[in-house]
Amino acid sequence: MKFGGTSMAGTERIRRVANIVRTQAAGGNEIAVVVSAMAGETDRLVNFCREANALYDPAEYDVVVASGEQVTSGLLALTLQSLGCKARSWLGWQIPVKTIEAHAKARVSTIDAPDMLASMASGEIAIVPGFQGVSDDGRITTLGRGGSDTSAVAVAAAVKADRCDIYTDVDGVYTTDPRIVAKARKLKAVTYEEMLELASVGAKVLQTRSVGLAMKQGVRIQVLSSFTGDDAVSADDLPGTLIVSDEEMDEMVENGLMERQLVTGIAHDKNEAKVILTRVPDKPGAVADIFTPLAEASINVDMIIQNVGRDKGETDVTFTVPQADLARAQALLEDRRAGIGYNRIITDSRIAKISVVGVGMKSHAGVASTMFRALSDRGINIQAISTSEIKVSVMIDEDETELAVRVLHTAYGLDAPD
């Protein structure tokens with residue numbers, strides 16, 4: 001079971017979470033609970049780091065921001081004990097959750113948890129702080145924002161859990177953000193592949209890496225709400241959205257539990273920024289000179305467009321990076337201006353990425369043309385396009401985000417009936 005920041009925001013909500021956990025334990029289940037920091041706490045800790053040192057050491061940053069989850073894991077254990085349950089907290093280094101790669105962006109490598117498993121087998125509820133682990137040199141590491149989802153899936157895989165229930169402030173995965181489209185529908189089930197695409201293009205329900213790990217390890221995920229009354233349906237009766245394999249999805253369709261949709265959902269992301277390098281030499285190696293330093297700095301690049309070379313053997317290269325990395329990306333590229341040979345750098349952080357996702361695209365033509373026509377009819381200009389086998393994404397002006405989502409949700413017949 002995993003509980004997000006809004007579920008852990010204060011002692012009253014932690015008591016509600018403790019009651020949900022106690023109900024599952026009363027059903028005879030062995031339980032590990034992964035918790036996030038209280039809502040807003042990680043941002044508060046990040047700001048402290050920035051105030052202390054704008055160019056902070058990522059290793060010390062991890063020490064500071066990992067403390068948020070340590071607090072909530074201890075508080076939940078205490079609350080469960082007050083309700084008569086056996087419970088204890090297990091910090092990332094105690095299990096241990098071993099990680100590799102960069103501080104603040106670490107990846108789980110192994111979880112060797114015999115002591116925790118023995119504790120769970122004896123009836124003790126294990127409370128694990130999400131988002132944190134330990135490096136080979138014994139330093140505290142964190143997994144990046146939203147990393148508690150990845151922690152939950154990794155722990156579920158390590159203990160060979162029957163299911164990983166991720167409790168959040170929404171009661172499942174919707175066809176799009178219900179705050180933008182009132183007629184958005186909750187989905188009974190989504191494939192790993194679809195959820196991976198939805199998460200990667202802006203759906204805030206699950207972190208991308210958590211879905212990728214679940215797909216690799218075969219962990220069944222259920223997304224459901226912790227904001228339910230005492231008379232709510234038990235999680236074992238599947239009230240949320242299941243994230244499952246293609247095979248399990250096909251089984252559900254065959255048994256009449258699900259309808260196969262051409263498009264599963266519409267996602268949007270306003271946290272991207274556009275970078276244009278003008279008059280880049282049109283020669284082998286020029287693009288590598290741009291993207292190699294960004295990769296070495298762990299800056300993810302998404303959409304890439306290289307225009308056709310001009311008469312003078314020059315071209316413009318356009319790409320997107322996360323808004324949070326824009327300043328670093330710009331500084332890196334300006335430092336290498338002479339080596340790359342571009343004329344000038346133009347940036348724009350007022351853009352949004354709108355994506356249409358669905359496994360039905362594999363076998364149906366016309367999904368992209370429907371998208372382009374629907375946006376065109378409402379006068380929404382497309383600045384860039386990227387595609388995968390089950391996704392079409394476009395870059396548009398940020399001010400047109402909500403309109404684009406509503407238009408596309410209707411265009412693909414996703415609106416719930418009145």
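These figures come from a predicted structure and were not determined experimentally.
Pairs of residues two or more places apart, or lying in two chains, that qualify as side-chain hydrogen bond (donor to acceptor under 3.5 Å, both in side chains) and include a residue from residues 73-102 are T99-T141. Counting only residues at least two apart or in different chains, salt bridge (Lys or Arg N to Asp or Glu O under 4.0 Å) contacts with residues 363-374 comprise R373-D377. Sorted by first and then second residue, the salt bridge (Lys or Arg N to Asp or Glu O under 4.0 Å) pairs with a member in residues 56-79 read E60-R139; sequence neighbours excluded.
Every residue meeting the side-chain hydrogen bond (donor to acceptor under 3.5 Å, both in side chains) condition with S393, not counting sequence neighbours, appears here in chain and number order: S355. Listed by chain and residue number, nothing satisfies the salt bridge (charged side-chain N to carboxylate O under 4.0 Å, His left out) test with E334 (two or more places apart in sequence, or in another chain). Scored by the ring-ring contact (aromatic ring centres under 6.0 Å, His included) test, Y174 finds no partners at all (sequence neighbours excluded). In this structure, R344 has no side-chain hydrogen bond (donor to acceptor under 3.5 Å, both in side chains) partners at least two apart in sequence or on a different chain. Annotation: ring-ring contact (aromatic ring centres under 6.0 Å, His included) contacts of Y192 (sequence neighbours excluded): none. Contacts of F372 classified as ring-ring contact (aromatic ring centres under 6.0 Å, His included), with partners at least two apart in sequence or in another chain: none. By the side-chain contact (heavy atoms from CB on, under 4.5 Å) test, I305 pairs with N307, T318, A384, sequence neighbours left out.
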List the atom pairs, with distances to 0.1 Å, where a side-chain N or O of residues 263-277 and a protein N or O form a donor-acceptor pair under 3.5 Å, not counting sequence neighbours.
unit_1: T264; atom_1: OG1; unit_2: E194; atom_2: OE2; d: 2.4
unit_1: D269; atom_1: OD1; unit_2: N271; atom_2: N; d: 2.8
unit_1: K270; atom_1: NZ; unit_2: E402; atom_2: OE2; d: 3.0
unit_1: E272; atom_1: OE1; unit_2: T320; atom_2: OG1; d: 3.0
unit_1: E272; atom_1: OE2; unit_2: K353; atom_2: NZ; d: 3.4
unit_1: K274; atom_1: NZ; unit_2: Q383; atom_2: OE1; d: 2.7

With a 3.5 Å cut-off and sequence neighbours excluded, list the donor-acceptor pairs that the side chains of residues 110-121 form with protein atoms.
unit_1: S119; atom_1: OG; unit_2: E124; atom_2: OE1; d: 2.6

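One side chain, S388 or E197, offers a donor N or O that lies under 3.5 Å from an acceptor on the other.
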